[in-house]
Amino acid sequence: MNKQALVFITALFLLLGSAFSISFADQLDDRTREIAHKLRCPTCQALSVKESEAGLAVNMKMSIRQMLEEGKSEEEILKFFEERYGEWILRSPKKEGFNLVLWITPIALVVIASVILIFLIRKRNLKNADSNQNPGIDEKEKKRIDQEFEKASHR
Amino acid sequence: MNRGVYFIIGGIVSLGLIGLMIYGLFFASNPKSIPSAQIDKAAKPFQTTTFDGEPISLEKFRGQPLVLNFWASWCVACRAEARIIERAHQDYTPKGAAFVGIAINDKRADSLRFIAKYGKTYILAPDDKMGTISLDYGVTAVPETFLIDKQGIIRHKILGSVDYRTIAQFLEEQLATN
């Protein structure tokens, strides 16, 4: 192999290697942000760790990244913080025990509201169909017309 | 039921939900109102090196009641409590208690200036850059103080400036028992 080819292959490997490491670092950053978004900033209120630049939130992001580099799963990382800060640190309540009420209630409300809406729409449609069949004539009116006809036929 | 009643019920339910949302966002998420997950649990082991260069670990204080304080030079409330903790240290370390202050998210030079300014003489060490010790203790802000009993169990956590009486009462109880 001549010298030029060797230089070319080495450069190619270096390029591929750095491209791979950049993409791996990007992936780690994305995963860090994803997990940080699931945690509540302990210093501030109504902000996630991802959104906060408070010192402790920054430390938590560094810690998440380090744990990801160590090969820990998202579940393990969230558990790590939950053990230290309590369930309060998780932005979404866990789907167990009383928390299930929090998860089920909004869905149940939407279902109940939909059922009521469908029921009301159907009721209105039936009423409209009924009024189309007998446009504007109720029993009293019908009786009055019949009486008028009878009177007219007797004349 | 007429249409007005439906509107009133819908309005009340909507207002209730909005109220719950506001409560959850601005009141229920206040870290100060959340009980610590660390109380009655074993204190997490830690290792660090003091500002004087001496390695320390939690293990070193086994059998002693420990006042573990998290502070920073930029924290205003830490100024007020610096002298309180120092006074408690002067009174109770000779009796067998231990005092450790961990500086978090602070520059070393600023921490040293703060130590000199407020005359802090108990064991003082910086946390690492990632705040490993403070994260392990579930610290939410500075200052924060943990009162750890002789068995290494966290008994109290004080958010904000700690007062002398709280420290004294805990240490008196601990030192009175064998």
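What's counted below: heavy atoms across the whole structure, side chains too, no hydrogens, waters or symmetry copies. Bear in mind the structure is a predicted one, so any value in this text is a computation, not a measurement. Below, read A as the first sequence line, B as the second, and so on, with proteins coming before strands; counting in each chain starts at 1.
Annotation: A:Lys79, atom NZ; neighbour count of heavy atoms from other residues, nucleotides and ligands within 6.0 Å does not exceed 12. Within 6.0 Å of the CD atom in A:Glu70, the count of heavy atoms belonging to other residues, nucleotides or ligands exceeds 12.
For chain B, the nearby part of A:Glu83 is the backbone; its heavy atoms alone come within less than 4.5 Å. Looking at B:Val13, neither its backbone nor its side chain comes within 4.5 Å of chain A, counting heavy atoms on both sides.
Cluster annotation: A:Leu120 is not connected to B:Ile9 through the hydrophobic network of ILVMFWY side chains, with a link wherever side-chain heavy atoms come within less than 4.5 Å. At a threshold of 4.5 Å between side-chain heavy atoms, the hydrophobic network of Ile, Leu, Val, Met, Phe, Trp and Tyr places B:Phe99 and B:Ile115 in one connected group. Under the 4.5 Å side-chain contact rule for hydrophobic residues, B:Val100 and B:Val142 share a cluster. Note on A:Leu68: it clusters hydrophobically with A:Leu90, by side-chain heavy-atom contacts below 4.5 Å among ILVMFWY residues. Criterion: ILVMFWY side-chain heavy atoms under 4.5 Å apart, direct or through other members. Under it, B:Met130 and B:Tyr137 are not part of a common hydrophobic cluster.
Closest approach of A:Arg84 to B:Ala37, counting heavy atoms only: O-CB, 4.0 Å. Considering all non-hydrogen atoms of both residues, A:Tyr85 and B:Leu135 come closest at OH-CD2, 3.6 Å.
Contacts with chain B (heavy atom to heavy atom, under 4.5 Å) involve these residues of residues 49-61 of chain A, listed by number: A:Gly55, A:Leu56, A:Asn59, A:Met60. Heavy-atom proximity under 4.5 angstrom to chain A picks out B:Lys41, B:Lys44 from residues 39-74 of chain B.
Between the side chain of A:Thr43 and the backbone N or O of B:Thr140 there is at least one donor-acceptor pair closer than 3.5 Å.
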